[in-house]
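Structure first, commentary second.
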Amino acid sequence: MAIQFKSQARDARLNAIETFGSTSCSMRIYTGAQPADVTQANTGTLLLDFNLPADWMAAASAGAMAKAGTWTGTASGGAGATPGHFRIYNSQATKDGTTCFIQGSCAIGSGDINFDGTITSGQTVTISAFTLTDGNA
């Protein structure tokens, strides 16, 4: 049998993510596959780099936590490029790969963050949905 946690324990773990990340997080969207883990160097072409709102995640409930506020930025790279992965950093100033603490997949029509089309430099991009779900239910 798998280990299970009460919903409040799962919520506490999720809420700790935003505490660790701080109120000064940023997100980058890249082409291609994500690195093997968050400690690895950035890969792919940078398409989008923007600061997340100060309260970037809503309080966890029932073992899930959704984005809060508006996540939007202006694309700085690509010409009809397909998003492949994202990385979230716990600093708005230092994005050298050592401060990445969350990464996941992106794609058109699928992925941890779902896009409705390619990204072109100068385009305003809004992340409309993002949810973290804790395991061990």
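Taking every heavy atom of both residues into account, Leu52 and Met27 meet most closely at CD2-CB, 4.1 Å. Smallest separation of non-hydrogen atoms from Ala62 and Ser7: CA-OG, 3.3 Å. A pairwise comparison of heavy atoms in Ala75 and Ile119 identifies CB-CG2, 3.5 Å as the closest pair. The minimum heavy-atom distance linking Gly21 with Trp56 is given by the pair CA-CZ2, 4.3 Å. Across all non-hydrogen atoms, the minimal contact from Thr72 to Val125 is OG1-O, 3.0 Å. Among all heavy-atom pairs drawn from Cys100 and Gln103, the shortest one is SG-CB, 4.4 Å.
Using cut-offs of 30° and 60° on the angle between ring planes, the pair Trp71 and Phe130 is tilted.
No side-chain heavy atom of Thr131 sits under 4.5 Å from any side-chain heavy atom of Lys67. Between Ile108 and Thr118 there is a side-chain heavy-atom pair separated by less than 4.5 Å. Here the side chains of Cys106 and Phe115 are in contact, with some heavy-atom distance below 4.5 Å.
Between atom CZ of residue Phe50 and atom OG1 of residue Thr124 there is a gap of 11.5 Å, rounded to the nearest 0.5 Å. The OG atom of Ser76 lies 4.5 Å from the CG atom of Leu46; values are rounded to the nearest 0.5 Å. Note that CD1 of Ile102 is 7.5 Å distant from SG of Cys25, once rounded to the nearest 0.5 Å. The CD1 atom of Ile127 lies 10.0 Å from the CG atom of Asn114; values are rounded to the nearest 0.5 Å. Thr133 contributes atom OG1, which lies 7.5 Å from atom CG of Leu14 (distance to the nearest 0.5 angstrom).
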Could you go step by step and tell me if Thr82 and Thr31 meet the side-chain contact (heavy atoms from CB on, under 4.5 Å) rule? CA-CA 6 Å; Thr82 301; Thr31 60; over 6 Å; no
Could you go through Gln34 and Thr43, starting from their C-alpha distance and side-chain angles, then the distance that decides it, and tell me whether this counts as side-chain contact (heavy atoms from CB on, under 4.5 Å)? CA-CA 7 Å; Gln34 67 195 47; Thr43 61; 5.9 Å; no
Tell me, with the steps shown, if Phe20 and Phe101 meet ring pair (Phe, Tyr, Trp, His ring centres under 6.0 Å). CA-CA 9 Å; Phe20 172 79; Phe101 71 105; 5.3 Å; yes
Can you check side-chain contact (heavy atoms from CB on, under 4.5 Å) on Glu18 and Asp55, steps first, answer last? CA-CA 8 Å; Glu18 187 175 24; Asp55 186 15; 2.9 Å; yes
Step by step, work out the side-chain contact (heavy atoms from CB on, under 4.5 Å) result for Gln123 and Thr74. CA-CA 6 Å; Gln123 173 185 351; Thr74 302; over 6 Å; no
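Using a distance-only test at 3.5 Å, with no hydrogens or angles considered, a donor-acceptor pair links the side chain of Ser105 to the main chain of Asp112. Distance alone, capped at 3.5 Å, is enough to place a donor-acceptor pair between the Asn15 side chain and the Ala60 backbone. Of the possible polar contacts, one joining the His85 side chain to the Gly32 backbone as a donor-acceptor pair under 3.5 Å is found.
Between the side chains of Arg10 and Asn136, no donor N or O sits under 3.5 Å from an acceptor N or O. Donor-acceptor pairing under 3.5 Å is lacking for the side chains of Asn90 and Ser22.
The environment of CG in Asp37 is crowded: more than 12 heavy-atom neighbours from other residues, nucleotides or ligands sit within 6.0 Å.
In this structure, Arg28 is not positioned above the aromatic face of Phe86 in the sense of NZ or CZ being under 6.0 Å from the six-membered ring centre and within 45° of the axis.
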